[in-house]
Participant: 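I have a structure I would like to understand better, so I am pasting it below and will then ask my questions one at a time.
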Amino acid sequence: MNRGIRLLLRGSTYSGVPFAYCGALASLPLLPFALLPALSWPSAPESVQTVVVLLVWAALVGAVGLARPVRRALVVSARQLLRVSLPNPAVGRRTSGPLGLDRWRTPLWLVLHAAVGWTGALASGVLFIMGISLPMNWLGGEVRVSLFGTSVRVSGWWS
């Protein structure tokens with residue numbers, strides 16, 4: 001228990017949050033391109049369209065991660081923002097094994113980085129909006145929270 005609390009009191013625990021949000025912002029320009037397949041297939045169920053958008057988005061972010069300047073930019077930003085010592089990216093072609101797994105490491109980390117950033121941004125946005133709207137019930141207002149088409153009426157002592 002003491003270790004868990006100590007972890008929450010360190011500044012390094014929270015330095016990754018802006019780095020993750022930067023990953024979400026960096027992937028934002030690719031989102032309109034990821035929406036194109038879902039917009040061209042309007043008869044598909046909504047869940048299928050969502051999965052298609054997420055898969056195309058992940059493929060686009062991964063494709064951007066294959067570029068060498070992206071790895072260099074990620075290393076520089078991680079050094080600055082997270083205050084960690086990372087080795088310089090390798091110059092030239094470097095592969096480990098017949099499949100070239102080192103080349104695919106950056107796109108996989110970039111997709112994970114952007115996904116965690118989007119998850120954190122959406123969760124903190126929802127919590128912020130709920131933190132503003134739910135106390136309105138204490139002032140005599142009626143609260144109705146709606147997210148993704150699902151609406152909830154909050155009243156009484158629950159708010």
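Values in this document were obtained by computation on a predicted structure and should not be read as measured data.
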Participant: Same hydrophobic cluster for L122 and L25, using side-chain heavy-atom links shorter than 4.5 Å among ILVMFWY?
Facilitator: no

Participant: Between V56 and V61, is there shared hydrophobic-cluster membership here, with clusters defined by ILVMFWY side-chain heavy atoms closer than 4.5 Å?
Facilitator: yes

Participant: Please check if F33 and V70 belong to a single hydrophobic cluster, counting links between Ile, Leu, Val, Met, Phe, Trp and Tyr side chain heavy atoms closer than 4.5 Å.
Facilitator: yes

Participant: Report yes if the side chains of L55 and V51 come closer than 4.5 Å at any heavy-atom pair, otherwise no.
Facilitator: yes

Participant: Side-chain heavy atoms nearer than 4.5 Å, only ILVMFWY residues, links allowed to pass through others: does that put L36 and V52 together?
Facilitator: yes

Participant: Enumerate donor-acceptor pairs with a distance under 3.5 Å from any side-chain N or O in residues 107-117 to protein atoms, sequence neighbours excluded.
Facilitator:
{"from": "H113", "atom 1": "NE2", "to": "F19", "atom 2": "O", "distance (Å)": "3.0"}
{"from": "H113", "atom 1": "NE2", "to": "G23", "atom 2": "N", "distance (Å)": "3.4"}

Participant: Over all heavy atoms of both residues, which pair between T106 and G65 is shortest? Give the atoms and the distance, please.
Facilitator: CG2-O, 3.6 Å

Participant: What is the minimum heavy-atom distance between A38 and V53, and which atoms define it?
Facilitator: CB-CG2, 3.5 Å

Participant: According to a 4.5 Å side-chain heavy-atom criterion applied to Ile, Leu, Val, Met, Phe, Trp and Tyr, with indirect links allowed, do L31 and L54 form part of one hydrophobic cluster?
Facilitator: no

Participant: Minimum heavy-atom separation for S124 and Y21, please, with both atom names.
Facilitator: OG-OH, 2.9 Å

Participant: For the residue pair A34 and P37, what are the closest heavy atoms and their distance?
Facilitator: O-CD, 3.3 Å

Participant: Please enumerate all residues that pass side-chain hydrogen bond (donor to acceptor under 3.5 Å, both in side chains) together with W57, with sequence neighbours excluded.
Facilitator: none

Participant: Can you confirm whether W118 sits close enough to L28 that some side-chain heavy atom of one is under 4.5 Å from a side-chain heavy atom of the other?
Facilitator: yes

